[in-house]
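The block underneath contains the structure these notes are about, expressed in structure tokens.
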Amino acid sequence: MAVLVKTTINGDPVEYACQPDEPLLDVLRNRLGLTGAKEGCGTGDCGACSVIIDGRLTCSCLVLGAEMEGRTLETIEGMADGATLHPLQRHFIEGAALQCGICTPGMLIAAKALLAKNPDPSEEEIRFGLAGNLCRCTGYDKIVRAVQSAAKEMRGA
Amino acid sequence: MRYESPATVKDAVAMLAKEKGKAFVLGGGTDLLVKMKAGMVEPDLVVDIKRIKGMRDIKKTASGFVIGAGTPCAALSENAALVKAWPGVVEGASLIGSKQVQGRCTMAGNLCNASPAADSVPGLVAAGAKVVIAGPKGKRKLAVEDVPAGVGRTVLKKGEFIESIELPKKDARSGDAYLRFIPRTEMDIAVVSAGVSLTLDAKGVITKARVALGAVAPTVLLVKECAKALIGSTLDEAAKTRLAAAASAACKPIDDKRGTIEFRTDVAGVLARRAAEIAYARAGGK
């Protein structure tokens, strides 16, 4: 029997019906058309499906859609302000911190969550903060640098 | 499968107790959803306990801390009083998975998943933590080390679930620590691990000790011989040597690609020794 859920996604009230065993990732992608979160592994290892629920970074493949009643969800689709990209998004583009792009939405969400808690992270803290996000293209260096430069801009430094 | 998110412990127990099919408790879901995805488990009922009042709270009480079973591990390191009292417990729990997994995973779930390599368990055992179990016959308390019955099995009966974890009040001049060996820097589970909790007297002599080892037997071990090796000493070289020998002697590890029996047995002694040094320093010993 389907579960009816009322939740908030990127500031907007959203209602959906989902199967009780349906991961939130599938709800986002297949029911709500929010295809920014990717399914890399489906087992919480790659971070490509990262979202922020009630302020906490998590993998949407490890959450049931049914759990979202009354929660507040942030996805990659809510990161830019209209046509204005988030500084992280801009620095990822400017610094060529992506190649195939599959990991990028998850990287950006994880980086956003990291900077919300720690606006001035060391390189090591960035690497630990993004350790749950796998990238097979970039070798990570450009991602770390993009996060550093975005953090600097966001601090107004 | 049915999904339920009861508002009370009583309702949760009733749902779990009366289910005729396979019922599972959903805390953080970082093990359960992976097993569902892999087809390892096919639940008829999933009971999400996170809507129950207090289930995601960390409470400081006169006798220590009460940590709700649905509390994500990420919340532990944000609680300054908990970090100050039980840094080793928090360190262990904070090593589980990635930041994403930290946002969901729970210590109670880590314990009930009953992996011998569970990173949050040795620290809890060393700290003398207890679990409050709710069930059809009311509540009961168990020491954390008595919960796992083997790899992937616990002593919890039908209808029972862990409601909270209780950490005792920290003794004066006490300290704890947790260390694990992994072949990389993060995103891994322990090949060997050790949790140590020590209490000292005014002269720095160890009066109480609890030493737990992970990933060297079917369940996390509380090693009494390790405690005996330490009590009465000032963690001098002889005591550390006795501790390492007792830790290695307690190991009954598996031999796999992540670590041989010989390696795990040796490293258990090394980690017990190093964790004891950290715990001793944290207790104010010099």
Side-chain angles (χ1 to χ4, degrees), chain A residues 1-5 18-26 37 39-71 106-107 109-114 116-118 124-134, chain B residues 1-7 21-51 55-56 70-78 94-106 109 182 184-189:
Chain A
M1 204 176 73
V3 182
L4 296 172
V5 177
C18 67
Q19 291 304 310
D21 59 352
E22 192 173 336
L24 173 61
L25 174 61
D26 293 355
E39 178 163 27
C41 64
T43 50
D45 297 303
C46 79
C49 67
S50 295
V51 297
I52 297 172
I53 302 172
D54 290 344
R56 287 210 187 278
L57 180 68
T58 190
C59 291
S60 58
C61 73
L62 293 182
V63 181
L64 294 176
E67 290 182 68
M68 290 302 295
E69 177 69 31
R71 306 278 190 231
M107 284 286 180
I109 286 287
K112 187 185 170 197
L114 170 70
K117 290 207 163 71
N118 182 357
E124 194 182 345
E125 286 168 335
I126 294 171
R127 287 184 185 273
F128 268 100
L130 301 180
N133 295 80
L134 302 184
Chain B
M1 183 193 116
R2 286 173 298 121
Y3 167 86
E4 298 284 359
S5 51
K22 288 177 195 142
F24 289 84
V25 172
L26 174 61
T30 52
D31 288 309
L32 180 62
L33 265 72
V34 174
K35 287 178 186 170
M36 282 166 60
K37 177 105 185 168
M40 287 163 69
V41 299
E42 289 176 6
D44 296 295
L45 171 69
V46 163
V47 177
D48 181 1
I49 58 169
K50 295 190 294 297
R51 304 265 170 190
M55 211 49 70
R56 297 198 287 180
T71 307
C73 286
L76 303 175
S77 57
E78 294 165 8
S94 301
L95 286 170
I96 301 169
S98 59
K99 296 283 180 200
Q100 283 86 341
V101 169
Q102 283 283 307
R104 289 272 293 174
C105 69
T106 67
I182 56 171
R184 40 188 302 176
T185 54
E186 74 291 299
M187 293 288 283
D188 205 346
I189 55 167

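These figures come from a predicted structure and were not determined experimentally. Below, chains carry the letters A, B, ... as their sequence lines are ordered, and counting in each starts from 1.
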**Message:** Let's go through B/Arg51 and A/Glu69 carefully: what are the C-alpha distance in whole Å and the side-chain angles of both, what is the deciding distance for side-chain contact (heavy atoms from CB on, under 4.5 Å) to 0.1 Å, and is it a yes or a no?
**Reply:** CA-CA 10 Å; B/Arg51 304 265 170 190; A/Glu69 177 69 31; 3.7 Å; yes
Closest heavy-atom pair and its distance - [X], [Y]:
X: B/Ser98; Y: A/Gly132; answer: CB-CA, 3.3 Å
X: B/Lys99; Y: A/Gly129; answer: CG-O, 3.5 Å
X: B/Glu186; Y: A/Ala131; answer: CG-CB, 3.2 Å

**Item:** Nearest-0.5 Å distance, CG of residue B/Asp31 to CG of residue A/Leu62
**Value:**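 Reported value, rounded in 0.5 Å steps: 9.5 Å.
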[X] versus chain A, heavy atoms under 4.5 Å apart: side chain, backbone, both or neither?
X: B/Gln102; value: neither
X: B/Met1; value: both
X: B/Ser5; value: neither

**Prompt:** Does some side-chain heavy atom of A/Pro20 sit less than 4.5 Å from a side-chain heavy atom of B/Arg2?
**Reply:**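 No, their side chains stay 4.5 Å or more apart.
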**Request:** Find out whether B/Leu26 and A/Glu67 are in side-chain contact, i.e. whether some heavy atom of one side chain is under 4.5 Å from a heavy atom of the other.
**Result:**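 Yes, close enough: below the 4.5 Å cut-off.
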**Item:** Side chain / backbone / both / neither for A/Leu64 at chain B, heavy atoms under 4.5 Å
**Value:**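 Interface part for A/Leu64: both.
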**Request:** Heavy-atom distances under 4.5 Å only: say whether A/Val63 touches chain B with side chain, backbone, both or neither.
**Result:**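 It is both, since atoms from each part get that close.
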**Request:** Heavy atoms only, distances under 4.5 angstrom: which of B/Lys50, B/Arg104, B/Met187 has the most pairs with chain A? Name it, please.
**Result:**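 Top option by heavy-atom pairs under 4.5 Å: B/Arg104.
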**Prompt:** Do B/Gln100 and A/Ser50 meet the criterion of a side-chain donor-acceptor pair at a distance under 3.5 Å?
**Reply:**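 Yes, side-chain donor-acceptor contact under 3.5 Å.
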**Request:** Please identify each residue that fulfils side chain to side chain donor-acceptor pair (under 3.5 Å) with B/Ser77, with sequence neighbours left out.
**Result:**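 None.
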Let me check something: any side-chain donor-acceptor pairs from residues 34-44 of chain B under 3.5 Å, sequence neighbours excluded? List them with distances.
{"unit_1": "B/Lys35", "atom_1": "NZ", "unit_2": "B/Asn113", "atom_2": "OD1", "d": "2.7"}
{"unit_1": "B/Lys37", "atom_1": "NZ", "unit_2": "A/Glu39", "atom_2": "OE2", "d": "2.6"}
{"unit_1": "B/Asp44", "atom_1": "OD2", "unit_2": "B/Lys22", "atom_2": "N", "d": "2.6"}

